Amino acid sequence: MNKQPVKTLTIGGSDSGGAAGIQADLKTWTALGVYGMSAITAVTAQNSLTVEAIHYMPPEMVTAQIDSVLFDYGAQAVKTGFIGQEALIRPIAWHLKAHAPGPLIVDPVLVNYKGQSMFPSQVTNAYKEFLLPLADLLTPNWREAALLTGLKIKSAPQVKVLKLIGETLCATGAGQVLITGVPGPNETIVDWWFDGRELHPFEQPKIETINRHGSGDTLSAAICANLAQGMDMAESIAEARAFTTRALTAAAEWQMGHGHGPLSHFVNQKQEG
């Protein structure tokens with residue numbers, strides 16, 4: 001009998017520079033040994049310096065991609081990335097609910113690397129109403145978590161505030177929450193995992209590199225791949241963080257473009273022995 005590959009589906013935008021979005025997800029999944037599939041929500045013209053243009057796919061084309069893939073291949077896990085329009089969020093959620101695939105990771109791409117909200121409030125509200133209730137894990141960065149809840153995270157955040165953010169996001173229906181990239185003490189970065197009851201910190205030294213474009217996509221895609229391969233949530237997050245750290249560390253050694261470049265996905269695979 002032929003072996004069936006572990007299959008994962010990403011629903012998000014295409015990055016012409018290959019750093020983020022669909023491209024980052026598929027590179028991550030290839031490196032982690034799962035079969036990646038995609039439903040493209042938007043085509044972008046971008047590089048390390050700027051996003052020049054965005055062309056959104058019609059909702060019926062996005063959902064046709066989802067239906068086509070899940071009806072025939074199925075998926076052990078799914079993630080969403082860049083969506084950007086209320087008109088896309090609603091039908092994506094409806095079709096995912098109808099197919100009921102494996103675990104769903106929702107990476108709510110709402111804030112750019114400068115910390116600025118990218119979309120009108122209707123998009124944030126649509127996430128909360130339609131996609132968050134379906135999410136097994138929500139992976140906002142700390143600015144997106146603040147935007148989704150209206151709760152402010154300071155550079156030296158109080159654990160009580162972070163727990164309240166986790167509880168608030170889970171109250172929308174999300175199963176668990178990973179708040180990423182929170183500035184910690186002594187030049188550290190902390191990801192805070194709220195498992196539905198308790199907070200768990202994942203702390204590490206800040207990696208000195210400007211090549212961070214796509215790091216959030218890479219982390220959420222790695223978690224998705226790990227869950228698809230049968231790891232529990234704690235192990236999936238820990239292994240995904242290690243993978244992303246290796247990709248960031250390797251990226252510090254190269255020069256891609258003149259701005260915030262991509263991670264290095266293929267030189268960071270775990271060495272055996």
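Because the structure is predicted, anything quoted here is derived from the model rather than measured.
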Visitor: Which heavy atom of Ala42 sits nearest to which heavy atom of Ile54, and what is that distance?
Guide: CB-CG2, 4.0 Å
Visitor: Can you name the closest pair of heavy atoms from Pro101 and Ala75 and give their distance?
Guide: CB-O, 4.2 Å
Visitor: Tell me if a side-chain donor or acceptor on Glu239 pairs with a main-chain N or O of Ser236 at a distance below 3.5 Å.
Guide: no
Visitor: Under 3.5 Å, is there a donor-acceptor pair between the side chain of Asp191 and the main chain of Gly181?
Guide: yes
Visitor: Verify the ring-centre separation between Tyr127 and Phe119: is it less than 6.0 angstrom?
Guide: no
Visitor: Rounded to the nearest 0.5 Å, what separates atom CZ in Arg90 from atom NE2 in His95?
Guide: 13.5 Å
Visitor: Nearest 0.5 Å please: distance from the OG atom of Ser14 over to the CZ atom of Phe82.
Guide: 11.0 Å
Visitor: Are any of the side-chain heavy atoms of Leu162 and Ile179 separated by less than 4.5 Å?
Guide: yes
Visitor: So Val78 and Thr8, do their side chains get closer than 4.5 Å, heavy atoms only?
Guide: no
Visitor: How far apart are the C-alpha atoms of Gln65 and Ser38, what are their side-chain angles, what is the distance that settles it, and do they pass the side chain to side chain donor-acceptor pair (under 3.5 Å) test?
Guide: CA-CA 8 Å; Gln65 294 173 79; Ser38 63; 5.4 Å; no
Visitor: Let's go through Thr172 and Lys128 carefully: what are the C-alpha distance in whole Å and the side-chain angles of both, what is the deciding distance for side chain to side chain donor-acceptor pair (under 3.5 Å) to 0.1 Å, and is it a yes or a no?
Guide: CA-CA 6 Å; Thr172 66; Lys128 290 191 287 188; over 6 Å; no
Visitor: Is any side-chain heavy atom of Met37 closer than 4.5 Å to one of Lys7?
Guide: yes
Visitor: Under the criterion side chain to side chain donor-acceptor pair (under 3.5 Å), I'd like the reasoning laid out for His99 against Asp67: C-alpha separation, chi angles, the key distance, then a yes or no.
Guide: CA-CA 8 Å; His99 285 283; Asp67 291 344; 2.8 Å; yes
Visitor: Would you say the side chain of Val109 lies within less than 4.5 Å of the side chain of Met118, judging by non-hydrogen atoms?
Guide: yes
Visitor: Is any side-chain heavy atom of Val161 less than 4.5 Å from a side-chain heavy atom of Gln158?
Guide: yes
Visitor: To the nearest 0.5 Å, what is the distance between CD on Glu167 and OG1 on Thr149?
Guide: 11.5 Å
Visitor: Taking the side chain as every heavy atom from C-beta outward, state whether Thr180 and Pro140 have any pair of such atoms under 4.5 Å apart.
Guide: no
Visitor: Please assess His213 against Ser48 for the test side chain to side chain donor-acceptor pair (under 3.5 Å), listing each intermediate value before the final yes or no.
Guide: CA-CA 8 Å; His213 190 35; Ser48 67; over 6 Å; no
Visitor: Heavy atoms only: give me the nearest Ala251-Asn211 pair and the separation to one decimal.
Guide: O-ND2, 2.8 Å
Visitor: At what distance, to the nearest 0.5 angstrom, does CG of Asp107 lie from SG of Cys224?
Guide: 11.0 Å
Visitor: Kindly give the heavy-atom pair with the smallest separation between Gln23 and Asp15, and that separation in Å.
Guide: OE1-N, 2.8 Å
Visitor: Applying a strict under-4.5 Å side-chain criterion to I, L, V, M, F, W and Y, I'd like to know whether Ile165 and Leu131 cluster together.
Guide: yes
Visitor: For residues Gly175 and Cys170, report the shortest heavy-atom separation together with the two atoms involved.
Guide: O-SG, 3.5 Å
Visitor: How close do Pro185 and Thr188 get, counting heavy atoms only, and between which atoms?
Guide: O-OG1, 2.6 Å
Visitor: Indicate yes or no for a side-chain donor-acceptor contact from Lys27 to the backbone of Gly18 under 3.5 Å, with no hydrogens or angles considered.
Guide: yes
Visitor: Got Trp29 and Thr10 here, is their nearest side-chain heavy-atom distance under 4.5 Å?
Guide: yes
Visitor: State, with a plain yes or no, whether a side-chain heavy atom of Leu219 is found less than 4.5 Å away from one of Arg241.
Guide: yes
Visitor: Would the distance check show the side chain of Gln255 and the main-chain N or O of Gly257 forming a donor-acceptor pair, the cut-off being under 3.5 Å?
Guide: yes
Visitor: Measure up the Phe202 and Trp193 rings against each other and bin them: parallel (under 30°), tilted (30 to 60°), perpendicular (over 60°).
Guide: tilted
